[in-house]
Student: 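Just dropping this structure here.
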Protein chains: 2
Amino acid sequence: MKNIPNIIVSRLPVYLRALNHMQSQSQQTTSSQELGEFVGVSAAQIRKDLSQFGEFGKQGTGYNIAFLIKKLREILKVDRVWDVIVVGTGDMGHAIARYQGFTNRGFRVAMVFDNNPTLIGKEVGGFVIQDAKTMVNAIREAGIEIAMLTVPDTAAQEVANQLIEAGVKAILNYAPISLSVPPGVMLQYLDPSIGLQRMTYYLE
Amino acid sequence: MKNIPNIIVSRLPVYLRALNHMQSQSQQTTSSQELGEFVGVSAAQIRKDLSQFGEFGKQGTGYNIAFLIKKLREILKVDRVWDVIVVGTGDMGHAIARYQGFTNRGFRVAMVFDNNPTLIGKEVGGFVIQDAKTMVNAIREAGIEIAMLTVPDTAAQEVANQLIEAGVKAILNYAPISLSVPPGVMLQYLDPSIGLQRMTYYLE
DNA sequence: TAGATTGTTAATCGATTAACAATC
DNA sequence: TAGATTGTTAATCGATTAACAATC
């Protein structure tokens, strides 16, 4: 397949989320105009983005929502369920382990790790907290490729290194710190302070 | 001041985070080369971005980290502490209310709200959970401009409307749903599934 | 059919990079 | 001084938008 710009790929999950919402409102079809307004991009961009992957609409009537959802899920490879692990069971790890929002979006928490002896063996969100020492082997054996990192920032790079050693290819990092990863390993950041600081510039 | 592209503004918090990290390692100076490698952008882009706001470096020696941190904090208006509110005290709201990572990054949780009668009056992270019915007035009286939204998706738009009515200008939305806000109100999303779906496209 | 809306092309716009004089 | 690195300009690259023929 053609090489698709990452900026386009990164918008598809947002389109998918909006379409799922429309579907939950029992809506059957939408247009590039409507979807664009909903997610805050131009209609032309919606059409251009989607056209990278095929022809999913009909002139005059727009897009069938169920069909477009199906296609986007295939494109994004979330027409399956990926096992993900959570490393770190502080408040944030706790919240993620119990998070219900992964359902129908392609992900399932499979295992939860911590290195704190007083937490290992305890339960969180239905998972037994496993010893971080056993993490690399457990990831390898389960063939897990995705990890969510909620350890303290001082430990984040070291844990990331272990994840990579274990074969993890995608890391969602909650620690407020830039991580260094080799080519072929992907990284996304979820740092609330960054989100807020992107807005304060415009305040007052 | 000149109109700065948002894409540049959005990178500044990442630079700032990296500089803070370097400083915590007792590093005194850095170069556009080094900082760029650290955060994953080109040295030219670092210099171009910073040059929008002034001349902060010295030829031959690079940037004084403490000085550049000071300047970036001023630019991003996080050389002060912003009061933010948390709406919704589920697991995620809980984690945010107790989050220590806002310290020194310009934010402080000031109030916490929920509409669940069994939670109102209880404590979370040292805050008494206040009745969401009193939220609009409380925000107005305190002059709060920033809110973090961790309510269920079905309630998110409605709560966002109340926040906007109360004068909130910046919303960090944890609910996995696109919100509609009027011009002048800023919005950032922290949806873990979106982050993960931006990576699965490239997996396997 | 008439109206609506797609997919695509070409034009525009904006962002990134390369290169280098200036200078610490 | 020699080496390093900035700030900035011009060139390149890439993304977005406008427009419209095609067609449902």
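Letters A, B, ... mirror the listed sequences (proteins, then strands); counts begin at 1. Note that the structure is a prediction, hence the values are computed from the model and not measured.
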Student: Under a 3.5 Å distance rule, please check whether Thr200(B) uses its side chain to pair with a backbone N or O of Leu76(A) as donor and acceptor.
Tutor: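 Looks like yes, one N/O pair under 3.5 Å.
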
Student: For the residue pair Lys58(B) and Tyr63(B), would you count it as a cation-pi contact if the rule is NZ or CZ under 6.0 angstrom from the ring centre and within 45 degrees of the ring axis?
Tutor: no

Student: Is it true that atom CZ of Arg140(B) has more than 12 heavy atoms of other residues, nucleotides or ligands lying nearer than 6.0 Å?
Tutor: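 Yes - once you tally the heavy atoms of other residues, nucleotides and ligands closer than 6.0 Å, there are more than 12.
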
Student: Pick the nucleotide of DNA chain C nearest each of Asp49(B) and Ala43(A); which residue has the one closer to the 5' end?
Tutor: Ala43(A)

Student: On DNA chain C, reading 5' to 3', which nucleotide is the first and which the last to sit with an atom under 4.0 Å from a heavy atom of chain A, could you check?
Tutor: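 The contact span of chain A on DNA chain C goes from dA4(C) to dT9(C).
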
Student: Does Ser31(B) or Ala44(A) map to a spot on DNA chain D nearer the 5' end, using the closest nucleotide for each?
Tutor: Ser31(B)

Student: Verify the neighbour count for atom CG of Asn104(B): are there more than 12 heavy atoms of other residues, nucleotides or ligands below 6.0 Å?
Tutor: no

Student: State, with a plain yes or no, whether a side-chain heavy atom of Arg17(A) is found less than 4.5 Å away from one of Arg105(A).
Tutor: yes

Student: Are the side chains of Pro192(B) and Leu172(A) in contact, using a 4.5 Å heavy-atom criterion?
Tutor: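 Heavy-atom side-chain distance check passes, below 4.5 Å.
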
Student: Given that both pair distances must be under 3.5 Å and the pair must be Watson-Crick or G-U, what runs of three or more consecutive pairs involve DNA chain C?
Tutor: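 For DNA chain C the paired stretches long enough to count as stems (3 pairs minimum) are C:3-24 with D:3-24.
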
Student: Ignoring hydrogens and angles, state whether a donor on the side chain of Glu34(B) or Thr30(B) is under 3.5 Å from an acceptor on the partner side chain.
Tutor: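 Yes, Thr30(B) and Glu34(B) have a side-chain donor paired with an acceptor closer than 3.5 Å.
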
Student: Got a sec: does the CD of Glu74(B) have more than 12 other heavy atoms crowding it under 6.0 Å?
Tutor: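 Enclosed: over 12 neighbouring heavy atoms sit under 6.0 Å from CD of Glu74(B).
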
Student: Take Gly60(A) and Gly62(B), find for each the nucleotide of DNA chain D with the closest heavy atom, and name the residue whose nucleotide sits nearer the 5' end.
Tutor: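 Mapping each residue to its closest nucleotide by heavy atoms, the 5'-most match is Gly62(B).
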
